[in-house]
Amino acid sequence: MTDESTHDDSPHILSDRGSGGGDAGDASDRDGAGDAGDVGATSDADEADGFHAFWADVIADEVESRDPTDPIVIKGGVSPSGVAHLGNVNEVMRGYFVAGVLRERGHEVRQVFTSDDKDPLRKLPRKLANPDGEIVGLGDVDAGALGRNLGKPYTAIPDPFGERESYAAHFAALLRSDAERLGVPVEMASNTALYAEGAFDDAVRTVLSDLDGVRETLGQYQDKVDGEYVPFNPVCSACGTVTETVTDVDLDAETVEYRCTDLEVDGDTIEGCGHEGTATFREGKLPWRLEWPAQWDVLDVDFEAFGKDHAEGSWPSGVDLARTVLGIEPPVPMVYEWFTLGGEALSSSAGNVITVPEILAVLEPAVVRYFFALHPKRARDLDIERIDQLVDRFDRFERAYFGGVDDPALTRFAERAYPFVVGRVDDPPTEKPVRLPYTFAAVLGMVDDPAFRERLARDEGHIPDDAPKSAVEAALARVEKARNWAERTGNEYDYRLQAELPDVEFADDVAAALDDLADFVAAGHDGEAIQGEMYETARDHEIEIADFFQAGYRLFFDDTQGPRLGEFLGELEREYVVNRLRREA
RNA sequence: GGGCCGGUAGCUCAGUUAGGGAGAGCGUCCGGCUUUUAACCGGACGGUCGGGGGUUCGAAUCCCUCCCGGCCCGCCA
């Protein structure tokens, strides 16, 4: 009915500047009705003039302006086709922030995540993830079994790892555990299950009852849609593949007639078996362009975030089909820009991916959530080599929340977003957590002894004297992350204290200097004194200071460089240091 | 070819909603911490805000245009 221009349905609502501000013509009917009642009653945390420092508030405003009925439904979803990487996390984390804001405003909110698992497996993935989320190659599983199942729904293909009921269930379980690790409670919904229980029956009936309408609308977006097009893909009862050739529709019986024909995928052909049969509305699926709007209808979706790949394809056609065929209003959309990993596009086939377990090996969950709290529309790069920069930014963001940074813009953003980032909306922290700078944590990661780590952190002033035990433990947890980072990247912090004496030899004068230093340490001195004595000893023996330090690094790290040596040695067990300096153990 | 999104310092990013000082952290350089050895402190250097044009007293911000990158207009999420 309401024939609004596509401009008004732009999913780029965080980019539109002053939308509706220019044209007097269309501003009246869209904004006028919704605004009057409830705009003034929005969040108390907002400034009165409607400015928002946090994008999730902008989205929440838009959702509220449509007068949704509780519970508000926020959806995300992916096809469980293979390795879920950090890019897919957008689908849950973006919704997490919007859900949090809406709950804070007093709404009941459900966050639903669909596994679009009735889609067919179109080609063999090059990489898979095992039940622990670790990436493995196709050679580690029965690739032949997968190859024989091309064209079948993911839920009809056995789990390559033999643990769950299907390929889809395997990857859906990984997605759920990813969300849980990030502290995001989501309701998982299986598309296959929704079809099986009849949830899509009404939508399928509506679509197949209005073939002319579907063809006319969708034909404006897809050239392949012609007078013969039928928007339903039955699953062949003979061979189990998803087919595309429907020859007749029987609305009374709620069935379709089909012929199992070939499926073209990327130049390859998945052969149909030629079987001719009958399928019910539950024994097939809608094509994506219609299935997406049907999900909005079935799940009553109020908001959905999606990648920019959908923005100019299935979103505009989905909006149109929702209104003209299904008779519903589409949800509030939000497009997120893709991020790059180390400057390159995420690509599972090229191996340029990082999974949630992998990122959580080097980052605390709050830091990952912080990354996804940043503006969704900005092009950004996630660089593992310099992940310390991201952590530094998080620490600064956290300090800003506690009023410790002279940066009004950052402080406004932090005051609003921080409680959601740390998952403490209802009882925000009142004391700033103790944090070790990430690179300092990497230095501590060079040794295993927890007591050593804590001593050194205290000596360097990173842990206040009155910090409670739990805060200290939480701070030291970062050391394991930073150590994993150093090992993964092999960077300048990737040193390990050598438990065994490295196989080394020194010139006589260097050896004599080491013996003198050993005597000094044995006499009992602190790290600062040892550091100073190293210079004295080198001078006494007329050797280059650089050579002497290098000898020390060779003995303790079997390397030519390392951390500030004297103070480091001062924290280690004295007997160990003395013996090592004497090259005895 | 058409449409959409993105482009701010060497790096990672704020600032674009609401036009007014071009900013932060890191890196680099210099200096300090008795003594060059990656942790700590201070300072400096560093940008045609992708280019050009326009509106304005004033533009990173609004308009036009061009360049570069990504995405969509086939399939698929």
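In this text the structure is predicted, and so the values were computed from the model without any measurement.
- On the C1' atoms, B:G50 is 23 Å away from B:U17, given to the nearest whole Å.
- Taking the six-membered ring where the residue is Trp, the centroids of A:Phe200 and A:Phe232 are separated by 6.0 Å or more.
- Nearest to the side chain of A:Lys308, among B:C75, B:G70, B:U35, sits B:G70.
- Taken to the nearest 0.5 Å, the CE atom of A:Met446 stands 12.0 Å off from the CD atom of A:Gln498.
- For A:Gln561 and B:A38, a side-chain-to-base donor-acceptor distance below 3.5 Å is present, hydrogens and geometry of angles not being considered.
- Here the C1' atom of nucleotide B:C5 and the CE atom of A:Met334 are 13 Å apart, to the nearest Å.
- The minimum heavy-atom distance linking A:Leu14 with A:Met334 is given by the pair CD1-SD, 3.7 Å.
- Here the side chain of A:Ala546 is nearest to one of B:G25, B:U36, B:C72, namely B:U36.
- Between B:G6, B:A77, B:G3, one nucleotide has an atom nearer to the side chain of A:Asp116 than all others, and that is B:A77.
- Atom CG in A:Asp388 sits about 12 Å away from atom P in B:A39, given to the nearest Å.
- Following rounding to the nearest Å, A:Arg380 (CZ) and B:G69 (C1') show an atom-to-atom distance of 17 Å.
- With rounding to whole Å, A:Glu567 atom CD is found 14 Å from B:C33 atom P.
- When the P atom of B:C5 is taken as reference, atom NE2 of A:His310 falls 18 Å away, rounded to whole Å.
- Proximity note for A:Arg393 (side chain, C-beta onward) versus B:U12, B:C5, B:C72: the nearest is B:U12.
- Rounded to the nearest 0.5 angstrom, A:Glu533 CD and A:Asp540 CG are separated by 7.5 Å.
- Between the A:Tyr370 side chain and the A:Phe397 main chain, no donor and acceptor come within less than 3.5 Å of each other.
- Under 3.5 Å, the side chain of A:Tyr553 and the base of B:A38 form no donor-acceptor pair of N or O atoms.
- One interatomic measurement links the two molecules: CG of A:Leu565 to C1' of B:A38, which rounds to 13 Å at whole-angstrom precision.
- Dashed line: the shortest gap from a side-chain N or O of A:Gln222 to OP1 or OP2 of B:C75 is under 4.0 Å.
- In the set B:C75, B:U8, B:A77, the nucleotide with an atom closest to the side chain of A:Arg378 is B:U8.
- Between the P atoms of B:A18 and B:G3, the separation comes to 26 Å (whole Å).
- When the C1' atom is compared between B:A60 and B:G19, the two are found 10 Å apart, to the nearest whole Å.
- At a threshold of 4.0 Å, the pair A:Glu364-A:Arg435 counts as salt-bridged, since one of the basic side-chain nitrogens sits closer than that to a carboxylate oxygen.
- B:U35 has its base syn relative to the sugar, with a glycosidic angle deviating from 0 by at most 90°.
- For the pair A:Asp117 (side chain) and A:Thr192 (backbone), a donor-acceptor distance under 3.5 Å is present.
- Taking atom CG on A:Asp223 and atom C1' on B:G2, their separation rounds to 13 Å, with Å as the unit.
- Comparing B:G6, B:A39, B:A77 by their nearest atom to the side chain of A:Lys285 picks out B:A77.
- In this structure B:U12 sits in a base pair with B:A24, meeting the Watson-Crick or G-U test at under 3.5 Å.
- Of all nucleotides listed (B:G3, B:G15, B:A77), B:A77 comes nearest to the side chain of A:Asp309.
- The separation of B:U8 from B:G15, taken at their P atoms, amounts to 14 Å, rounded to a whole angstrom.
- Distance A:Trp55 CH2 to B:C5 C1': 17 Å, rounded to the nearest Å.
- Note on A:Lys224: only backbone sugar-phosphate atoms sit closer than 4.0 angstrom, heavy atoms only; bases stay farther off.
- With B:C72, B:A38, B:C40 as the candidates, the nucleotide lying closest to the side chain of A:Pro437 is B:C40.
- Within 4.0 Å of A:Arg564, counting heavy atoms only, lies at least one base atom of the nucleic acid.
- Between B:G70, B:A38, B:C5, one nucleotide has an atom nearer to the side chain of A:Trp338 than all others, and that is B:G70.
- Note on A:Trp315: nothing from the nucleic acid sits closer than 4.0 angstrom, heavy atoms only.
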